[in-house]
Amino acid sequence: MVKALVTGGAGFIGSNLVISLVEKEYQVTVVDDLSMGVKAKLATVADQVEFHEHDVCDHEFMHSILDEDFDYIYYLAAIASVADSVERPYETHQVNQESVVDTLEYLRVKGYQPKKFLFTSSAAVYGNYPELPKREDSRVQPLTPYAVDKYASERFTIDYGDLYGLSTVAVRFFNVFGPRQNPNSPYSGVLSIVTNCLLKDQQFTLYGDGSQTRDFIYVKDIVNALIFISEATNSYGVYNIGYGKKHALLDVIRMFEEAAGKKLKIQFAEARNGDIQESLADITRLKELGFKANWGLENGLREYWEYADGKSK
Ligand code: UD2
C-alpha cells in the first residue's frame, strides 16, 4: 500500500488533499495541531485516516512519525496568515520554516528516500513587483515573515534535493477557493467570505473598486496538481499552481452570483493597505510537466456554491 503523510491535513487545502488520497486508496497519516485546521473537515474519511493532533514543531514526535517511512510527504502545515506572521514573527517562523528544515534534516540523517517530499509555498513570495505573469524565476520580494519563511523553506526543500539526493519539489499557490475554506477572518480567502455573505444575506465589504485581478483556482484542481506533481518522476524545483488567467474581483463575484442565482449586497470601501492590484501565474512549467486542470473557474464556482448551499440546509 502507498503511504502518504500530510502535515496540515485538517486545513482547507490539506483536507481536500487527504480526501483525494483516501479515494486513491492510499494509507494516509495526518499531523495537524488544529490551530487553524478543524477535524470535522475530515469527517467523511475519519475512519480511513490515521490522525495525530500534534504540533509539527515537536521534533521528537515528528521523528517518530517519519520513521514510518512514507512514499509521499505533503508538507502543508503552516500558520497561513500573513497578518499573524507580522504580529508573531518568531513563533510563525518555527512552524513555517524551522519545522520544515527539521523534517528534511531527519529524512537526510536517517537515509529515508520518499518518492517525493512536496512543500507548499505561496505567490506571496513574489511581493509587489509589477512584472506579470509571475514565472517561477521572476524576481521574488518576500515582504512579510510569512513570505520570507515560505521562500526560505522552498529553497531548503530544493537544496536538500540538489545536495543530498532527496526527491523534493515545491509549489506556489495562487488564489485558491472551494469547499472547507474558513470564512471567519478578514484575511480569509475572499471567495469564502463572499460565499458566507451570500448564504446569510449579509453585506460584503469590497476593498477597492473591484478591478484588482487574481488568478483564482478551484481547490480540486489544486489537489489534482499536487498529486500529479508529486507522482511525476521528472518533477523538480518550483511550480506555480494557478490557471494562468487573471480575473477582476468584481467579474468573479458576478460569475459567482450567476452560479448561486443570488445577488450579493456589496459595500465598497477603501483599498486595503498593502493590497496588490494584479496577480497572475505563468504556468508553463506545470503544463510542460503534462498537467491539465479539470475544473476551471466557472465549474469550480458552481460546484463550490452547490457544496456550500447544500451544507447550509
Ligand atoms: C493572498 C493571500 C495572502 C497573501 C497574498 C500575497 C489568501 C486568502 N490570501 O491575498 O495570504 O499570500 O495573497 O499576495 O490566499 N477582499 C475584499 N473583501 C474581503 C476580503 C478580501 O474586497 O472581505 C479583496 C482583497 O482586498 C483583495 C482581494 O479581495 O484585493 C483578494 O483577497 P484575498 O485575501 O482573498 O487574497 P490576496 O490575493 O489579497
Side-chain angles (χ1 to χ4, degrees), residues 8 11-14 16 36 76 78-87 92 95-96 120-134 138-151 153-154 171-200 202-219 222 240-243 245-257 264-281 297 300-301 304:
F12 162 42
I13 300 172
N16 281 284
M36 297 192 91
L76 282 84
I79 298 181
S81 162
V82 172
D84 203 8
S85 83
V86 174
E87 290 287 313
T92 57
V95 182
N96 292 347
T120 53
S121 178
S122 162
V125 302
Y126 292 115
N128 263 334
Y129 288 129
E131 307 128 26
L132 282 184
K134 301 297 184 190
S138 292
R139 280 189 298 172
V140 296
Q141 187 191 36
L143 294 169
T144 58
Y146 173 79
V148 171
D149 283 332
K150 283 293 184 188
Y151 187 63
S153 297
E154 274 180 22
V171 300
R172 293 177 183 158
F173 294 139
F174 280 68
N175 288 73
V176 191
F177 70 93
R180 303 181 187 85
Q181 191 170 29
N182 169 14
N184 295 328
S185 133
Y187 297 99
S188 296
V190 66
L191 294 182
S192 68
I193 299 173
V194 167
T195 306
N196 204 32
C197 291
L198 279 170
L199 287 172
K200 297 183 177 155
Q202 284 170 0
Q203 184 163 272
F204 169 75
T205 306
L206 200 164
Y207 302 110
D209 62 3
S211 68
Q212 63 265 51
T213 61
R214 295 291 184 273
D215 191 340
F216 288 103
I217 175 164
Y218 190 45
V219 69
I222 286 278
N240 286 333
I241 317 184
Y243 287 140
K245 296 195 178 113
K246 66 179 164 126
H247 292 272
L249 178 56
L250 205 50
D251 292 342
V252 176
I253 290 175
R254 297 301 175 221
M255 287 164 80
F256 205 23
E257 287 177 324
L264 182 68
K265 294 176 201 151
I266 301 177
Q267 177 191 40
F268 287 87
E270 281 286 291
R272 266 185 193 168
N273 220 349
D275 219 17
I276 55 169
Q277 178 60 20
E278 300 210 275
S279 175
L280 173 64
L297 184 56
L301 289 172
Y304 180 28

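As the structure lists them, so they are numbered: ligands from 1, and atoms in each ligand from 1. What's counted below: heavy atoms across the whole structure, side chains too, no hydrogens, waters or symmetry copies.
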Asks: Mind checking ring pair (Phe, Tyr, Trp, His ring centres under 6.0 Å) for Phe177 and listing every partner two or more places apart, or none if nothing turns up?
Replies: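 Tyr218.
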
Asks: Among residues at least two apart in sequence or on other chains, which ones pass ring pair (Phe, Tyr, Trp, His ring centres under 6.0 Å) with Phe216?
Replies: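 So Phe216 forms no ring pair (Phe, Tyr, Trp, His ring centres under 6.0 Å) with any residue.
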
Asks: Provide the closest heavy-atom pair for Ile253 versus Phe204 in the form atom of the first, atom of the second, distance.
Replies: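 It is CD1-CE2, 3.8 Å.
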
Asks: Give the protein residues with at least one non-hydrogen atom closer than 4.0 Å to an atom of ligand 1, ordered by chain and number.
Replies: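 Correct list: Val82, Ser122, Ala124, Asn175, Tyr187, Ser188, Gly189, Val190, Ile193, Phe204, Thr205, Leu206, Tyr207, Gln212, Arg214, Leu249, Arg272, Asp275, Ile276.
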
Asks: With side chains defined as the heavy atoms from C-beta onward, is the minimum distance between Tyr129 and Lys134 less than 4.5 Å?
Replies: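 Counting from C-beta outward, Tyr129 and Lys134 do come under 4.5 Å.
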
Asks: With Tyr126, which residues qualify under ring pair (Phe, Tyr, Trp, His ring centres under 6.0 Å), at least two apart?
Replies: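 Residues passing ring pair (Phe, Tyr, Trp, His ring centres under 6.0 Å) with Tyr126: none at all.
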
Asks: Are more than 12 heavy atoms from other residues, nucleotides or ligands located less than 6.0 Å from atom CD of Gln141?
Replies: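 Enclosed.
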
